[in-house]
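The structure under discussion appears below in the form of structure tokens.
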Amino acid sequence: MSDTAPEFAEPAEPTQENQDVDDVSSEEPDTGEPQEPEKDWEAEVSKWRSMARKHEATAKANAEAARKYAEFEESQKTEQQRLADRVAAAEQRAIAAEIGRAKLVAAAAHNIPMSLLDRLGGTSEDEINEAAEELAAEFEAELGRRLAAVQPPHVPGYEDEPEQPAWSRPVEALTPGSLPAGSEPEDPNEAFRRFLGR
């Protein structure tokens with residue numbers, strides 16, 4: 001608190017006009033705290049706009065300086081350094097391509113979906129193959145567990161006959177649509193000669 005207290009004027013005698021003003025002002029609750037004056041929002045907006053423009057100009061100047069510095073550094077390099085940088089970049093691309101090829105080969109060899117190539121870790125072909133074998137073993141174990149869960153239980157004494165594949169079942173009569181079922185198919189050469197003779 002400050003040492004000097006503000007001085008207040010004596011209240012005036014209430015008149016009809018003052019009484020109406022008091023009635024209106026008494027509707028607002030008094031919190032006991034001094035009310036802050038309204039902020040001038042227009043001034044705040046213009047202040048922040050000017051600061052944003054200033055920072056934008058600074059950022060543009062810094063970007064231009066960084067570009068010029070990069071050009072300066074590039075011009076100071078010798079031809080040998082430029083070639084060394086290009087060789088290093090090419091080697092990195094070659095290593096990445098070799099790892100990608102090894103992952104594709106391992107995924108194809110172990111029937112791993114292409115969507116799971118990222119799970120094949122390693123930096124050498126042997127490490128990638130080991131990761132592929134482990135992933136394939138996980139797939140087989142999970143597949144076996146799920147198949148065991150859906151197979152019906154085995155009934156003792158009931159032996160199922162192995163079902164023949166559809167391609168090995170005999171077909172009664174396979175004949176062209178225009179021939180009767182009991183007739184022998186015609187020699188294709190004879191049919192062609194007859195066609196040409198017409």
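- Between K60 and E64 there is no salt bridge, since no side-chain nitrogen of the basic residue lies less than 4.0 Å from a carboxylate oxygen of the acidic one.
- In terms of the salt bridge (Lys or Arg N to Asp or Glu O under 4.0 Å) criterion, residue partners of R82 (sequence neighbours excluded) are, by chain and number, E74, E79.
- Residues F139 and L116 have side chains in contact (heavy-atom distance under 4.5 Å, counting atoms from C-beta outward).
- Q81 places a side-chain N or O within donor-acceptor distance of the main-chain N or O of T78, the cut-off being under 3.5 Å.
- Without hydrogens or angle criteria, E127 side chain to T123 main chain gives a donor-acceptor distance under 3.5 Å.
- Between the side chain of K103 and the backbone N or O of L120 there is at least one donor-acceptor pair closer than 3.5 Å.
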Evaluate the salt bridge (charged side-chain N to carboxylate O under 4.0 Å, His left out) criterion for residues R101 and E98: first the C-alpha distance (whole Å), next the side-chain angles of each, then the deciding distance (0.1 Å), finally the verdict.
-> CA-CA 5 Å; R101 184 202 61 80; E98 187 65 26; 2.8 Å; yes
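- When the side chains of ILVMFWY residues are joined at heavy-atom separations under 4.5 Å, either directly or via intervening members, I95 and V87 end up in two distinct hydrophobic clusters.
- Heavy-atom minimum distance, G122 versus I99: O-CG2, 4.3 Å.
- Other members of the hydrophobic cluster containing M51, listed by chain and number, are W48; membership follows side-chain contacts under 4.5 Å among ILVMFWY residues, whether direct or relayed.
- Note that the CG atom of L135 and the CD atom of E133 stand 11.0 Å from one another [nearest 0.5 Å].
- Other residues, nucleotides and ligands contribute only 12 or fewer heavy atoms inside 6.0 Å of the CD atom of Q80.
- Note that CD of E130 is 12.0 Å distant from CD of E125, once rounded to the nearest 0.5 Å.
- Two residues are said to be in side-chain contact when any heavy atoms from C-beta on lie closer than 4.5 Å; W41 and S46 fail this criterion.
- Taking both residues in full, the closest heavy atoms of A136 and I112 are given as N-CD1, 4.4 Å, listed atom of the first, atom of the second, then distance.
- A pairwise comparison of heavy atoms in N129 and A106 identifies OD1-CB, 3.4 Å as the closest pair.
- Between R193 and L196, every side-chain heavy-atom pair lies at or beyond the 4.5 Å cut-off.
- Residues E138 and R119 are in side-chain contact: their nearest non-hydrogen atoms beyond the backbone lie under 4.5 Å apart.
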Tell me, with the steps shown, if E142 and R146 meet salt bridge (charged side-chain N to carboxylate O under 4.0 Å, His left out).
-> CA-CA 6 Å; E142 182 64 20; R146 288 187 182 188; 2.9 Å; yes
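- Among residues two or more places apart in sequence or in another chain, the salt bridge (Lys or Arg N to Asp or Glu O under 4.0 Å) test is passed with E42 by none.
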Just do the salt bridge (charged side-chain N to carboxylate O under 4.0 Å, His left out) check on R194 and E190 with the steps written out, would you?
-> CA-CA 6 Å; R194 203 166 7 108; E190 283 299 319; over 6 Å; no
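- In the displayed structure, R86 atom CZ is contacted under 6.0 Å by at most 12 heavy atoms of other residues, nucleotides or ligands.
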